[in-house]
Amino acid sequence: MAGSARRGTAREGAFRAWLLHGLRHEDLRALGPHGPRSPEKQYSWWRVMCLTGVDYFSSLGYQPGIAALAAGSLSPIATILLVLLTLLGALPVYRRVAVESPYGQGSIAMLEGLAPRWWGKLIVLVLLGFAATDFVITITLSAADATAHILENPFVPRAFSGQHVAVTLFLLALLSAVFLMGFTEAIGIAVLLVGVYLALNAVVVVTAILHILAHPDLFGGWQRALTARHASPLGLLAVSVLVMPRLALGMSGFETGVAVMPLIKGDLAGRIAGARRLLTTAALIMSVFLICSSFATIMLIPEKEFQAGGKANGRALAYLAHNYLGNGFGTLYDISTITILWFAGASAMAGLINLVPRYLPRYGMAPDWTAAVRPLVLVFTVVAVAITLVFDANVDAQGGAYATGVLVLFLSAGVAVTVDAHRAGRRWRTWIFGLITLVLAYTLVDNIRERPEGVKIASLFIAAIVVMSLISRATRSTELRVSDVRLDTLAQEFISESSGEIHLIANDPRRRDQAEYNAKLREQWYTHRLRSAEPVMFVEVTVLDASQFQSELRVKGDVRYGHRILRVESATVANALAALLLYIRDRTGEVPNIYFQWGEGNPILAMLRYLVFGGGDVPGMTREVLREAEPDPARRPHVHVG
């Protein structure tokens, strides 16, 4: 029985090691807006563009069909407006974001830096909710559209008909399995997939346009349909402006383009220049394809085929490939589309895996294991499966949620660069970015009005992230959250001169005059019966930003009215005191003593003050942090409270 128990424990240990592979606690300190450090292998900007392109360009698989379904005969005009918003709005904004975030932080980190303390953290949590909506829906929508291409292919056995949910779940499971095994050589695969996919799309689009040119009546029929429904060009343009937000799926990919900046070869300036070329080139390529495909699909595909159950639903260009180039070429196009859509899910999964550890563990708002790849893959796979089941693997139904996530990130980027330009005193840039931000805001609001399910899903993500983050922050509140302790010269002298027992008096600094220190000494002599001959030091902690979770402790020595004082700046009083006591013990070999006076008030409110403001029940929390950090009572610093 004992041997069996040992084997079971060994298996559990091996599974845990496999699950948390790559997690190193010392690396958690490097995660942040400017971390982790640059990858060992970097690539030319156009190769990295292909990595973002599997997300951005793959939307050609479903965007033309969704556009036709949403805008009808206005699809080409609404698409041109969308392209103008992309080139004149989103592109300039993200070219600026690339300058301000060369380490791949993106617009979220810019807003975190612009908003102070807890406000910055709250903004990040909300934006993470929308980013999670964007990336997770990318995974589920891409898998659902890949399924549509599979099941509509004429060579697929009819036995699979109606099994769209099962096939989508299989693709999600396959994606999860690839990441659990270890995903490598993503760049090389992306270059191949994007190159083949764009070439096949070019063939389909050019063939369709040549067919339209050979049959001018098709263009005339489209014009008649427009004039029949819209009496004046101004009215036509106005309606196009109103329906344009429904096409926002075609704007995805910019946030990912900034996130992959560390992969671009070159120094900091070269990386920024490469990222700007990446964003511009990708936007121009996509713009050409969007405009051409919108004309081709609306003129060559019957309106009924765009509806649910139609052969062009979610696969408009594939419909053209089969109809005008034959089932052989159409099948090749389907395979290419299915592969790139599946890989778009991989790109989104990689984005989530890189995004979450950059923020939540650093805030103390997630367990350490969220910095490992495999647990996150399992969590996001479960979420993707749930969304697929809720939406019945329907591409059109998920479009609103996807567009909402994309547009919120665009809007956040617009706000970030506008505020940044205003603070820098660049008036014209402020006005230009402000105008772009207003247009993006209109697009987002109109999209939410038309398809509120996007906000509902994002709200669920935000609520889940906020609740789990606060619970995690509370449960981790007694961790020793100091990465390093640094003393200035005078503070080091105080510690070095200490001999025998070391006595520290915790003081909440107010006036910092002679009367305050004398009164504190009398209080401790009376409460703890400290002998007047025993040397003591005061220790004072000032909370700078209680929203920070982990920080470096900087200790300055000071002498006031003959009293030696250690002055500390930290995110929390209790953690700072515990870290300082442990440092003194390790430095001197003596177990130090610290003296407090009990505070008054409700202990629950004191705990809330500790979580939010870094203060609260300092004696009790200091002792609890020490208890967790040092399990041996004989080596644990002594906390005296009277």
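Just so you know, these numbers come straight off a predicted model, no measurement behind them. Numbering of residues begins at 1 and proceeds along the displayed sequence.
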If you take all heavy atoms of Thr79 and Ser75, which pair is closest and at what distance? OG1-O, 2.7 Å
Hey, is the main chain of Gly220 close enough, under 3.5 Å, to the side chain of Asp217 for a donor-acceptor pair? no
Which value, rounded to the nearest 0.5 Å, describes the distance between Arg271 atom CZ and Lys265 atom NZ? 13.5 Å
Asp420 and Arg96 ion-paired at < 4.0 Å: yes
Indicate yes or no: at least one non-hydrogen side-chain atom of Leu175 is less than 4.5 angstrom from one of Trp342. yes
Stepwise salt bridge (charged side-chain N to carboxylate O under 4.0 Å, His left out) test for Asp446 and Arg449: CA-CA 5 Å; Asp446 190 72; Arg449 181 180 61 83; 2.6 Å; yes
Mind running side chain to side chain contact (heavy atoms under 4.5 Å, CB included) on Thr404 and Thr133 for me, showing each step along the way? CA-CA 8 Å; Thr404 299; Thr133 304; 5.8 Å; no
Does some side-chain heavy atom of Asp334 sit less than 4.5 Å from a side-chain heavy atom of Arg315? yes
Please check if the side chain of Thr280 supplies one atom and the backbone of Arg277 the other of a donor-acceptor pair under 3.5 Å. no
Validation row: Thr138, Met349 side chains within 4.5 angstrom (heavy atoms): no
Applying ring pair (Phe, Tyr, Trp, His ring centres under 6.0 Å) to Phe289 and not counting sequence neighbours gives none
Does some side-chain heavy atom of Leu300 sit less than 4.5 Å from a side-chain heavy atom of Ile212? yes
How about Met286 and Ser59: do any of their side-chain heavy atoms sit closer than 4.5 Å? yes
Atom OG in Ser287, atom CG in Leu91: separation rounded to 0.5 Å? 8.5 Å
pair Ile436-Val417: side-chain heavy atoms closer than 4.5 Å: no
Quick one: closest heavy-atom pair of Cys50 and Val194, and the distance? O-CG2, 3.3 Å
Which heavy atom in Ala283 sits nearest to a heavy atom in Tyr56, and how many Å separate them? CA-OH, 3.8 Å
So how far is it from Ile457 CD1 to Asp134 CG, rounded to the nearest 0.5 Å? 12.0 Å
So which heavy atom on Ala190 is nearest to which on Phe343, and how close? CB-CE2, 4.0 Å
Donor-acceptor pair between Thr168 and Thr147 side chains, under 3.5 angstrom: yes
What about Phe295 and Phe219, are their ring centers closer than 6.0 Å? no
Heavy-atom closest pair (Trp222 atom, Pro76 atom, distance to 0.1 Å) is CZ2-CG, 3.8 Å
Supply the atom-to-atom distance Thr381 OG1 to Ile139 CD1, rounded to the nearest 0.5 angstrom. 7.5 Å
Between CG on residue Leu60 and CG on residue Leu290, distance to nearest 0.5 Å: 6.0 Å
Whether the side chain of Gln42 engages the backbone of Leu263 through a donor-acceptor N/O pair (distance < 3.5 Å, no angle test) should be reported. no
Trace of the side chain to side chain contact (heavy atoms under 4.5 Å, CB included) decision for Val258 with Met261: CA-CA 5 Å; Val258 174; Met261 282 183 67; 4.1 Å; yes
His164 side chain to Asn394 side chain, donor-acceptor N/O pair below 3.5 angstrom: no
Mind checking whether Thr297 and Gln63 have side chains closer than 4.5 Å, heavy atoms only? no
Quick check on side chain to side chain contact (heavy atoms under 4.5 Å, CB included): which of Asn201, Leu341, Val196 does Ser336 satisfy it with? Val196
Going through the distances and angles, do Tyr94 and Phe410 end up as a ring-ring contact (aromatic ring centres under 6.0 Å, His included)? CA-CA 8 Å; Tyr94 273 93; Phe410 280 4; 5.5 Å; yes
One pair to check against side chain to side chain contact (heavy atoms under 4.5 Å, CB included): Val288 and Val83. What are the steps and the verdict? CA-CA 9 Å; Val288 171; Val83 166; over 6 Å; no
Audit row: Thr207, Leu320, side chain to side chain contact (heavy atoms under 4.5 Å, CB included) steps and yes/no: CA-CA 9 Å; Thr207 300; Leu320 295 179; over 6 Å; no
Close side-chain approach of Thr337 and His149, heavy atoms under 4.5 Å: yes
From Leu278, Val191, Thr281, residue fulfilling side chain to side chain contact (heavy atoms under 4.5 Å, CB included) relative to Trp46: Val191
Measuring from atom OH of Tyr324 to atom NE2 of His211, what distance do you get when rounded to the nearest 0.5 angstrom? 4.0 Å
Can you name the nearest heavy-atom pair linking Ala312 to Phe306, along with the distance? CB-CD2, 4.2 Å
